[in-house]
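Excluded from the calculations below are hydrogen atoms, water molecules and symmetry mates; all remaining heavy atoms, backbone and side chain alike, are included. Note that the numbering runs from 1 along the sequence shown for the chain.
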Amino acid sequence: MYFDIAIEKTLRYGDKTFVLCSRFSTNDKGLVLFGPSGSGKTLTLKAMAGLLTPDKGRIMIGGQVLYDSQARINTPTRKRKVGYLFQDYALFPHLTVWQNVAFGLKPLFRSLGLQRKRRVQDLLDLFHLADQAGLRPAQLSGGQKQRTALARALA
């Protein structure tokens, strides 16, 4: 997959300022961001997923421009087809494992079709969560929560 990222974002927290300046490109199949805590890895990933809008720059993934400040392109998060797994899992506590995984597939104010229900079940099977499908996050182990969040991101 091709990644071409060149973004800048200034964030202010009280009297502190953090300037994210992230620039890299690769044709490799995978991408790993590593660095010290507070260096901007999570902010870069959020920008790639569309959860954070850079002040300026460009984000291209797989040959598709998702963000370009000069061209005024900012593809909505839901159309980017980029999964993002929150560090705290961000599971909905009032929903079951099945409902959490299905959440991103469900059309607004409509029920899931048969094909999407199969997708949810396939993901539950893949992550060995079928037996926990009716449980809520408070009833899960840490690993089960992590696998549920990953299944939801892939859905």
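In the hydrophobic clustering of this structure, Val97 does not group with Leu95; members are Ile, Leu, Val, Met, Phe, Trp, Tyr whose side-chain heavy atoms approach within less than 4.5 Å, directly or through other members. Cluster annotation: Leu135 is connected to Phe127 through the hydrophobic network of ILVMFWY side chains, with a link wherever side-chain heavy atoms come within less than 4.5 Å. Taking hydrophobic clusters as Ile, Leu, Val, Met, Phe, Trp and Tyr residues chained together by side-chain heavy-atom distances below 4.5 Å, Leu129 shares a cluster with Leu140. Criterion: ILVMFWY side-chain heavy atoms under 4.5 Å apart, direct or through other members. Under it, Leu66 and Tyr2 are not part of a common hydrophobic cluster. Tracing side-chain contacts under 4.5 Å through hydrophobic residues (I, L, V, M, F, W, Y), one reaches Leu124 starting from Leu150; they form part of the same cluster.
Contact detail for Gly38 and Phe18: the closest heavy-atom pair is O-CE1, 3.3 Å. A pairwise comparison of heavy atoms in Pro36 and Ser39 identifies O-OG, 2.8 Å as the closest pair. Closest non-hydrogen pair, Ala155 versus Val101, comes out as CB-O, 3.5 Å. Taking every heavy atom of both residues into account, Ala47 and Pro54 meet most closely at CB-CG, 4.2 Å. Taking every heavy atom of both residues into account, Leu123 and Ala151 meet most closely at CD1-O, 3.5 Å. Scanning both residues, Ala49 and Val82, for their nearest heavy atoms gives CA-CG1, 3.8 Å.
Contacts classified as side chain to side chain donor-acceptor pair (under 3.5 Å) and involving residues 143-155 (residues at least two apart or in different chains) are given here: Asn100-Arg152, Ser141-Gln144. Applying the side chain to side chain donor-acceptor pair (under 3.5 Å) test to pairs two or more places apart or on separate chains, those with a residue in residues 66-77 are Arg58-Asp68, Asn74-Arg80. Residue pairs meeting the side chain to side chain donor-acceptor pair (under 3.5 Å) criterion with at least one member in residues 90-99, sequence neighbours excluded: Thr96-Gln99.
Two residues are said to be in side-chain contact when any heavy atoms from C-beta on lie closer than 4.5 Å; Ile7 and Ile59 meet this criterion. Proximity of Thr44 to Thr42: side-chain heavy atoms (C-beta onward) are nowhere separated by under 4.5 Å.
Here the straight-line distance linking atom CD1 of Ile61 with atom NZ of Lys81 works out to 13.5 Å at 0.5 Å rounding. Between the CD1 atom in Ile5 and the CG atom in Leu45 there is a gap of 9.5 Å [rounded to 0.5 Å]. Taking CG from Leu112 and CZ from Arg119, the interatomic distance works out to 12.5 Å, rounded to the nearest 0.5 Å. Residue Leu154 holds its CG atom at 8.0 Å from CG of Leu126, rounded to the nearest 0.5 Å. Leu43 contributes atom CG, which lies 9.5 Å from atom NZ of Lys9 (distance to the nearest 0.5 angstrom). To the nearest 0.5 angstrom, Asp55 atom CG is 11.5 Å from Cys21 atom SG.
In this structure a side-chain-to-backbone donor-acceptor pair under 3.5 Å is missing from Lys56 to Ala6.
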Cut-off 3.5 Å, no hydrogens considered: what does the side-chain donor-acceptor table look like for residues 24-32, sequence neighbours left out?
unit_1	atom_1	unit_2	atom_2	d
Thr26	OG1	Asp28	N	3.0
Thr26	OG1	Asp28	OD2	3.2

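Shown here are the ring-ring contact (aromatic ring centres under 6.0 Å, His included) partners of Phe3, two or more places apart in sequence or in another chain: there are none. Phe103 pairs by the ring-ring contact (aromatic ring centres under 6.0 Å, His included) definition with Phe92, not counting sequence neighbours.
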